[in-house]
There are 2 protein chains.
Amino acid sequence: MTSTEKANAEKSSLRPTRQRLAVMEAMASFGDFRSAQDIHELLGERGEQVGLATVYRTLQRLADAGEVDVLRTEDGEAIYRRCSDSHHHHLVCRSCGATVEVEGPTVERWTSSIAAEHGYADVSHALEIFGTCPRCR
Amino acid sequence: MTSTEKANAEKSSLRPTRQRLAVMEAMASFGDFRSAQDIHELLGERGEQVGLATVYRTLQRLADAGEVDVLRTEDGEAIYRRCSDSHHHHLVCRSCGATVEVEGPTVERWTSSIAAEHGYADVSHALEIFGTCPRCR
DNA sequence: GTCGGAGTTGACAATCATTCTCACTTCATC
DNA sequence: GATGAAGTGAGAATGATTGTCAACTCCGAC
Ligand SMILES: [Zn+2]
Ligand SMILES: [Zn+2]
Ligand SMILES: [Zn+2]
Ligand SMILES: [Zn+2]
């Protein structure tokens, strides 16, 4: 089973419960990266009671399905953001977290050619850009 | 105080204790990324008794001084590797961990221009490439 | 409609990397 | 050989994440 088939299989067995819908709705309501605990808290404020473990589980499912992107803060905490489904990278403000999705063939080509040059196959990559956004300047 | 000055100040107050030398020596003895606990264990096997907390502290110092690079495994664990001091990225084998340092102006230019395009200042970036190395194929 | 089983949930416990605490040691300096 | 700052280590504490498991919800088969 390829990873795509597996993802589809998992997705197809997902029931659209109140909790999952609430998490997905919450994810749609902000544009920066937030931790599972942040999202759990946000849900609480909105009056949507969802268990913390369920928030973690749902975010994992969404991440596996590629519907959210996951990053790690400097101290290792996982943070999540709803993202477009096509391959892209992130330009993140170090101060306020404002995030822009960026893409371009340049890096894609560069990483492939570097990997090929060293005989590495089955290549993937992770790239994030950090800076201070115009509003935080 | 710039970050360089700070690093130097911190470095200058460092005493070359048996423990620190042992950690640095251990770091020089492998070429892939290892966790603090791995390194602690490695030290134990070599007969160098160093407390786990000290290993953590030393790795942090080295990382702050830019003498080792830090990555995060998929499950958030920090892994360390002794690296050249110039800016570079990593091509890592997903199977055996074999790591190659790579660099090139292409990505550097691309990230800068993307950031500038969106008005982000004070830019840095993180890029890792993952694949299967020739020996693991 | 109701039965049954798979999928789901949440309170709580458990895990586990990392950090903290603090009494003790080392080392340079005087 | 006294002093104080830097460093250490055993063990406790922290805190994000995951595991457990009994209760609950769907939904299709009957
Ligand atoms: Zn994204
Ligand atoms: Zn890319
Ligand atoms: Zn490196
Ligand atoms: Zn670079």
Side-chain angles (χ1 to χ4, degrees), chain A residues 6-27 33-65 67-81, chain B residues 6-27 33-65 67-81:
Chain A
K6 190 177 170 195
N8 286 337
E10 282 172 9
K11 186 188 294 189
S12 69
S13 75
L14 285 189
R15 292 206 305 237
T17 63
R18 173 183 70 77
Q19 289 87 341
R20 279 175 189 157
L21 293 173
V23 171
M24 290 195 283
E25 213 173 315
M27 294 303 292
F33 282 86
R34 309 257 178 119
S35 74
Q37 316 229 19
D38 288 344
I39 293 160
H40 175 249
E41 194 176 344
L42 179 60
L43 286 168
E45 287 166 8
R46 297 182 159 205
E48 285 285 358
Q49 208 54 23
V50 181
L52 181 56
T54 300
V55 173
Y56 273 105
R57 282 186 293 239
T58 304
L59 288 172
Q60 256 171 342
R61 292 289 190 86
L62 292 173
D64 288 348
E67 295 183 36
V68 303
D69 282 355
V70 190
L71 251 59
R72 294 267 170 191
T73 64
E74 197 157 344
D75 52 318
E77 195 180 7
I79 48 179
Y80 305 84
R81 178 181 190 268
Chain B
K6 191 176 170 196
N8 286 337
E10 282 172 9
K11 187 186 293 187
S12 69
S13 75
L14 283 188
R15 291 204 310 236
T17 63
R18 174 183 68 76
Q19 289 88 338
R20 279 175 188 159
L21 293 173
V23 170
M24 292 196 281
E25 212 173 316
M27 293 302 292
F33 282 87
R34 308 255 178 123
S35 74
Q37 316 228 18
D38 288 344
I39 292 160
H40 175 248
E41 193 177 344
L42 179 60
L43 286 167
E45 287 167 8
R46 295 183 160 205
E48 286 284 359
Q49 207 54 22
V50 181
L52 181 56
T54 299
V55 174
Y56 273 105
R57 280 186 293 240
T58 304
L59 289 172
Q60 256 172 341
R61 292 289 190 89
L62 292 173
D64 287 348
E67 294 183 37
V68 303
D69 283 356
V70 190
L71 252 58
R72 292 268 170 192
T73 64
E74 197 157 344
D75 51 319
E77 196 181 5
I79 49 180
Y80 305 84
R81 177 180 191 268

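Naming convention: chains lettered A, B, ... in sequence-line order (proteins, then strands); numbering from 1 in each chain.
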Interatomic distance, [X] [atom1] vs [N] [atom2] [rounded to whole Å]:
X: B/Glu74; N: D/dT17; atom1: CD; atom2: P; result: 14 Å
X: B/Arg72; N: C/dC16; atom1: CZ; atom2: P; result: 18 Å
X: A/Asp75; N: C/dC16; atom1: CG; atom2: P; result: 21 Å
X: A/Leu52; N: D/dG19; atom1: CG; atom2: P; result: 14 Å
X: A/Leu43; N: C/dT9; atom1: CG; atom2: P; result: 12 Å
X: A/Gln49; N: C/dT8; atom1: CD; atom2: C1'; result: 16 Å
X: B/Asp38; N: C/dC16; atom1: CG; atom2: P; result: 15 Å
X: B/Gln19; N: C/dC24; atom1: CD; atom2: C1'; result: 13 Å

Quick one: is [X] getting a side-chain N or O under 4.0 Å of the [N] phosphate, OP1 or OP2?
X: A/Tyr56; N: D/dT18; value: no
X: A/Gln60; N: D/dT18; value: yes
X: B/Arg20; N: D/dT8; value: yes
X: B/Thr17; N: C/dC27; value: no
X: B/Arg61; N: D/dG7; value: yes

Nearest-0.5 Å distance that lies between atom CG in A/Asp38 and atom CZ in A/Phe33: 13.0 Å
5'-most by nearest nucleotide on DNA chain C - A/Thr58 or B/Gly76: A/Thr58
Candidate nucleotides D/dG11, D/dA16, D/dT8, ranked by approach to the side chain of B/Ala53 - the nearest: D/dG11
salt_bridge(A/Glu67, A/Arg61) N-O dist < 4.0 Å: no
Partner of A/Tyr80 by side chain to side chain contact (heavy atoms under 4.5 Å, CB included), out of A/Asp69, A/Leu62, A/Val68: A/Val68
Donor-acceptor pair under 3.5 Å, B/Arg57 side chain vs D/dG9 base: yes
Heavy-atom donor-acceptor pair, A/Arg15 side-chain to C/dG7 base, under 3.5 Å: yes
Check: B/Gly51 main-chain N/O paired with B/His40 side-chain donor or acceptor under 3.5 Å: no
Side-chain (A/Arg46) to main-chain (A/Glu41) donor-acceptor, under 3.5 angstrom: no
Touch class at under 4.0 angstrom, heavy-atom based, for B/Gln37 against every strand present: base
